[in-house]
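Notes follow the structure.
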Amino acid sequence: MEVDVVESIVAEAGSHGAPTDVDSSHHYGCDPLHACDRLPMARVAERLPPFTTVQHYFYDWRDRNVWRRINRVLVDRTRRAEGRKRAPSAAIIDSQSVKTTESGGPCGFDAGKRVKGRKRHIVTDTAGSLLAVQVRPANIQDNHAAVPLLKYIGLIFPKLRHIFADRVYRGNKLLEAIAEFGKWTIEIVTRSQSVGTFKAERKRWVIERTLAWLNRCRRLSKDFEKTIASAEAWVLLASIRVLSRRLART
């Protein structure tokens, strides 16, 4: 099962601090269920630790970037299982606008999609594995939000300098903003001009598929979180679920 894959990563990382009466690996057991079904913490299954304990580990691992590190390890293992190099040399960038709820927190209005909420800006490799995610208010333009996202990608993947993107990322301003990390290539993938027929866009269909995978988690049908940090953590959890399932089947 996918939970076994993640628990093996947690076990390899070891533990620190004083021992507790709760097995910390159990906190993940409810997260795929929680992410998919949007269950409140109080309805966590009785066989698991108290929901306050689960909640504590979620926030603790969010704040210590543990979810990001687990996702990074899973991406590495998935690429090796597929016969690819550990570090990607090309990636795809895109965004998704989602509505927020009465939970509050930062939000904006995306005039293009006519959505009041936030945007999930993601980068995947050419196989669809999530490399990075950043959540911003929906009123921030894609090419502006791409600057910190690609700078982060440039730090964790020094050899990745080729990005596939759609037309909203065209122009020299984005390239100039990330030039400190070397020479980048942003290849704009344009839509097919055929009328009345569907044709998948080269490369970009991969990231659209990844967004579809993530959206199978009902927790991501809207942005239910008050904080940006929690919103990003749930996207990472959905990615961890997808990657661990792929690894469990190999």
Side-chain angles (χ1 to χ4, degrees), residues 6 9 35 61-80 82 84-98 106 118-138 140-166 168-169 174-175 177-182 184-187 189 203-204 206-215 217 219-220 223 225 227-244 246-247:
V6 177
I9 296 174
W61 285 30
R62 177 201 67 183
D63 296 338
R64 293 193 291 123
N65 288 321
V66 175
W67 298 124
R68 293 187 189 277
R69 295 200 295 271
I70 291 177
N71 185 76
R72 176 82 180 274
V73 171
L74 288 172
V75 169
D76 178 84
R77 292 186 179 183
T78 301
R79 290 182 61 84
R80 284 187 293 172
E82 295 171 347
R84 295 168 173 261
K85 293 182 179 180
R86 295 177 61 181
S89 59
I92 314 165
I93 189 171
D94 203 357
S95 69
Q96 178 189 53
S97 297
V98 291
R118 296 172 184 159
K119 279 187 182 180
R120 298 170 182 148
H121 302 271
I122 70 169
V123 174
T124 71
D125 66 11
T126 53
S129 299
L130 183 72
L131 302 181
V133 57
Q134 290 184 358
V135 176
R136 296 285 185 267
I140 297 179
Q141 297 297 317
D142 288 356
N143 56 345
H144 296 159
V147 174
L149 181 57
L150 291 182
K151 284 184 176 181
Y152 174 71
I153 286 291
L155 289 173
I156 62 176
F157 298 109
K159 294 184 178 180
L160 198 165
R161 291 295 179 270
H162 194 111
I163 301 293
F164 296 94
D166 64 14
V168 298
Y169 299 95
L174 176 56
L175 288 171
I178 59 178
E180 62 184 283
F181 291 95
W184 291 75
T185 299
I186 298 182
E187 183 176 338
V189 181
K203 297 295 185 183
R204 287 200 63 253
V206 175
I207 199 168
E208 298 291 350
R209 181 184 63 180
T210 299
L211 289 170
W213 284 341
L214 298 178
N215 286 339
C217 295
R219 181 81 186 196
L220 300 184
D223 194 326
E225 311 310 315
T227 65
I228 295 294
S230 290
E232 293 176 347
W234 281 114
V235 176
L236 289 167
L237 269 167
S239 173
I240 288 169
R241 178 171 172 267
V242 170
L243 293 172
S244 56
R246 288 166 64 181
L247 282 172

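Owing to the predicted nature of the structure, the values given are computational and were not obtained by experimental measurement. Sequence positions, counted from 1, serve as the residue numbers for this chain.
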(request) Using modelled atom types only, decide if a donor and an acceptor are shared between the side chain of R77 and the backbone of L243 within a distance under 3.5 Å. (result) no
(request) State, with a plain yes or no, whether a side-chain heavy atom of R84 is found less than 4.5 Å away from one of T126. (result) yes
(request) Locate the shortest heavy-atom distance separating R246 from A127; write the atom from each residue and the value. (result) NH2-O, 4.2 Å
(request) Not counting sequence neighbours, which residues clear salt bridge (charged side-chain N to carboxylate O under 4.0 Å, His left out) with R136? List them please. (result) none
(request) Find the distance between OG1 (T78) and CG (L247) and round it off to the nearest 0.5 Å. (result) 3.5 Å
(request) Output the distance between atom CG (L74) and atom CD1 (I240), rounded to the nearest 0.5 Å. (result) 6.5 Å
(message) Going by salt bridge (charged side-chain N to carboxylate O under 4.0 Å, His left out), name the residues that satisfy it together with D63, two or more places apart in sequence or in a different chain.
(response) none
(request) May I ask you to decide if D125's main-chain N or O and S129's side chain share a donor-acceptor pair within less than 3.5 Å? (result) no
(message) Closer than 3.5 angstrom, by distance alone: can the side chain of W213 be matched with the main-chain N or O of V242 as a donor-acceptor pair?
(response) no
(request) Output yes when a side-chain donor or acceptor of S239 lies under 3.5 Å from a complementary backbone atom of V235, and no otherwise. (result) no
(message) Is there a salt bridge (charged side-chain N to carboxylate O under 4.0 Å, His left out) between R72 and D76? Walk through the geometry before answering.
(response) CA-CA 6 Å; R72 176 82 180 274; D76 178 84; over 6 Å; no
(message) On a heavy-atom basis, which atom in L174 and which in Y169 lie closest, and how many Å separate them?
(response) CD2-O, 3.9 Å
(message) Would you compute the distance between atom CG of L211 and atom OG1 of T124 and round it to the nearest 0.5 angstrom?
(response) 8.5 Å
(message) Distance check, rounded to the nearest 0.5 Å: D94 atom CG versus D142 atom CG?
(response) 7.5 Å
(request) Report the distance from atom CG of L130 to atom CG of L236, rounding to the nearest 0.5 Å. (result) 6.5 Å
(request) For the residue pair F164 and V206, establish whether any side-chain heavy-atom pair is separated by less than 4.5 Å. (result) no
(request) Taking all non-hydrogen atoms of both residues into account, name the closest pair between T210 and G128 and its distance. (result) OG1-O, 2.7 Å
(message) Can you tell me how far apart CG (L237) and OG (S230) are? Round to the nearest 0.5 Å.
(response) 10.5 Å
(request) Using modelled atom types only, decide if a donor and an acceptor are shared between the side chain of Q96 and the backbone of R120 within a distance under 3.5 Å. (result) no
(request) Start with the C-alpha gap between F181 and L155, add the side-chain angles, then the distance that decides, and say whether side chain to side chain contact (heavy atoms under 4.5 Å, CB included) holds. (result) CA-CA 8 Å; F181 291 95; L155 289 173; 3.5 Å; yes
(message) Given 3.5 Å as the limit, does a donor-acceptor pair link the side chain of R118 with the main chain of P106, or not?
(response) yes
(request) Output yes when a side-chain donor or acceptor of T185 lies under 3.5 Å from a complementary backbone atom of H162, and no otherwise. (result) no
Sequence neighbours excluded and cut-off under 3.5 Å, please list the side-chain donor-acceptor pairs for residues 144-154, or say none.
unit_1: K151; atom_1: NZ; unit_2: E180; atom_2: OE2; d: 3.2

(request) May I ask you to decide if C217's main-chain N or O and R241's side chain share a donor-acceptor pair within less than 3.5 Å? (result) no
(message) For E232, run the side-chain hydrogen bond (donor to acceptor under 3.5 Å, both in side chains) check against R68, Q134, H121 and tell me which one passes.
(response) R68
(message) Whether E187 and R204 form a salt bridge (side-chain N of Lys/Arg under 4.0 Å from carboxylate O of Asp/Glu) is what I want to check.
(response) no
(message) What verdict does the side chain to side chain contact (heavy atoms under 4.5 Å, CB included) test give for L160 and L131, after you've listed the backbone C-alpha separation in whole Å, the side-chain angles of each residue and the deciding distance to 0.1 Å?
(response) CA-CA 11 Å; L160 198 165; L131 302 181; 3.9 Å; yes
